[in-house]
Amino acid sequence: MNTEAPKGIAILGAGAVGQLIAHQLAHAGIRPSLLGRDYQPLTEPFGFISLAGEETQQCFDGSGFQGSGFQSSGVQSSGVQSSGFQGSGPEAAGVASIRLLIVTVKAYQVMDALLPLLPRLSRDCHLLLLHNGLGPHEALIPHLDGRGLTLGTTSQGALRLSKHQLKQTGSGLTQFGHCAGPAMAPELKATLLSAIPGSEWVEAILPALWQKLAVNACINPLTAIHGVCNGELAADEFQSTIAAVLSELVKVAKTQGIELQEERLSARVYEVIRLTAANRSSMRQDVDHRRKTEIDAINGYLVSLGNRHNIATPANKVLVDAIHALEQRV
Ligand SMILES: NC(=O)C1=CN([C@@H]2O[C@H](COP(=O)(O)OP(=O)(O)OC[C@H]3O[C@@H](n4cnc5c(N)ncnc54)[C@H](OP(=O)(O)O)[C@@H]3O)[C@@H](O)[C@H]2O)C=CC1
Ligand SMILES: CC(C)(CO)C(=O)C(=O)O
């Protein structure tokens, strides 16, 4: 048993990224809880196929909260009773013992997922949002009630083969940085950085999130609208739209005190297009599966900030409208 491993790490959002982070923490000897929609730890085993093709299984049932042993990898039997969580819903006893809550729901799900839970979390509980797009942290900050907030972004890739079976599809940089309230405790910070491959702490997280926003604002809607893989956006026909989206983004970012260079952003977007050439972007997958997309937190965030600050954002608005039209298909 690893007595040094911090306890009380929970993940809200048992989807692709939530399961990936849970497996990475477990492989580093930490035993996180993976919370379901009823805020209860999910007790069933979760399968994982790593980039190297190695298969493992884990339970993320919350028993780590009591320090009752852990398994760093390998198969653990299902049906382990959670000693840290009793009852159901946000009243559950274990919720109050969460020290770090990693929120891995989609951008548009953050507030619905967190608002019922916030009053039950300890004042010492630190929150970490890890999603694409921007905006939810602004809605969340007034509700923090003294709690600390860290933001993050990841370029790792993960695909849910089934509800409890995850395949890692890509490695990449994961960045975290302080956003509001008290800073994350040093041992929690160290745990995250050692468990998540390719992760780093940055002094200014918002510029990093804006750079990721630029990548998503170009690649995601265009691939979804045209039904193409990321690599096809290198074609000449997309050049003027990509340039217009980035030019608007740089102006809008400036209203937020974020200074970005259009040429550098453009180089980054084309690098990601090349590195992820065979990918079907998350927005394309959402559109193909007739799921709600994250457009409102990506290009929609730029349009609404532009409106607020009298910056014209026609190129982004066209993409937002086109994606909304695709979302409304019956
Ligand atoms: N997948 C990837 O490779 C990458 C994803 N991202 C970003 O990470 C974020 C998460 O994406 P991803 O993991 O793919 O999305 P998923 O849809 O796979 O996961 C979201 C999870 O949140 C759960 N959820 C939704 N609402 C609630 C709620 N109210 N309470 C508790 N749980 C809830 C969902 O439950 P249910 O299953 O019941 O719907 C689902 O399991 C997105 O912003 C995405 O863009 C970033 C980089 C890579
Ligand atoms: C980087 C990119 C565009 C990779 O597909 C992505 O983040 C997404 O699909 O949401």
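Only this structure's heavy atoms are used, side chains among them; waters, hydrogens and symmetry mates stay out. When a ligand or atom number is given, it counts from 1 through the structure's own listing order. Computed from a predicted model, the values in this text were never measured in an experiment.
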Relative to Tyr108, does Lys292 satisfy both conditions: NZ or CZ under 6.0 angstrom from the six-membered ring centre, and within 45 degrees of the ring's axis?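 Cation-pi check for Lys292 and Tyr108: passes.
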Which of the numbered atoms in ligand 2 are under 4.0 angstrom from any heavy atom belonging to [X]?
X	result
Asn216	3 (C), 6 (C), 7 (O), 8 (C), 10 (O)
Ser281	5 (O), 9 (O)
Asn132	7 (O), 10 (O)
Lys212	7 (O)

Protein heavy-atom partner closest to [atom] - residue, atom, separation in Å:
atom	result
atom 1 (N) of ligand 1	Ala158 O, 3.3 Å
atom 6 (N) of ligand 1	Val17 CG2, 3.7 Å
atom 48 (C) of ligand 1	Gln156 O, 3.1 Å
atom 30 (N) of ligand 1	Ala113 CB, 3.8 Å
atom 3 (C) of ligand 2	Asn220 OD1, 3.3 Å
atom 24 (N) of ligand 1	Val105 CG1, 3.6 Å
atom 5 (O) of ligand 2	Asn230 ND2, 3.0 Å
atom 41 (O) of ligand 1	Gly15 N, 3.1 Å
atom 1 (C) of ligand 2	Val272 CG1, 3.9 Å
atom 44 (C) of ligand 1	Glu294 OE1, 3.5 Å
atom 8 (C) of ligand 2	Ser282 OG, 3.4 Å
atom 47 (C) of ligand 1	Thr154 O, 3.4 Å

Which bit of [X] gets closer than 4.0 Å to ligand 1, counting heavy atoms only: side chain, backbone, both or neither?
X	answer
Thr104	backbone
Arg160	side chain
Arg37	both

Does a side-chain N-to-carboxylate-O contact under 4.0 Å join [X] and [Y]?
X	Y	result
Glu187	Arg99	yes
Glu248	Lys251	no
Asp124	Arg147	no

Angle class for the Phe60/His23 ring planes (parallel below 30°, perpendicular above 60°, tilted otherwise)?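 Ring orientation of Phe60 relative to His23: perpendicular.
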Less than 4.5 Å apart, any side-chain heavy atom of Lys189 and any of His178?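 No. Closest side-chain heavy atoms not under 4.5 Å.
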Subset of ligand 1 atoms that lie under 4.0 Å from at least one heavy atom of Leu12: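 The list of qualifying atoms is 31 (C).
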At a 4.0 Å threshold, what atoms of ligand 1 neighbour a non-hydrogen atom of Gly157?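 What qualifies from ligand 1 is 3 (O).
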Hey, can you pull the donor-acceptor pairs under 3.5 Å for the side chains in residues 272-279, sequence neighbours left out?
unit_1	atom_1	unit_2	atom_2	d
Thr276	OG1	Asn230	ND2	3.0
Thr276	OG1	Val272	O	2.6

Within this structure, what is the CG-CD1 distance for the pair Asn216 and Ile298, rounded to the nearest 0.5 Å?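 So the gap between those two atoms works out to 4.5 Å.
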Taking distance alone, with N or O pairs closer than 3.5 Å, would you say Asn132 contacts ligand 1?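 It does: an N or O of Asn132 is found under 3.5 Å from an N or O of ligand 1.
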Any N or O on Gly18 sitting closer than 3.5 Å to an N or O of ligand 1?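 No; every N/O pair is 3.5 Å or more apart.
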Run through Ile242, Asp236, Thr241 and flag the one making a side chain to side chain contact (heavy atoms under 4.5 Å, CB included) with Phe238.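 Going through the options one by one, the only one that passes is Ile242.
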Counting distance only, does the side-chain N/O of [X] pair as donor-acceptor with the main-chain N or O of [Y] below 3.5 Å?
X	Y	answer
Ser50	Glu54	yes
Arg264	Gln261	no
Gln58	Ala26	no
Ser199	Gln175	no
Ser281	Arg284	yes

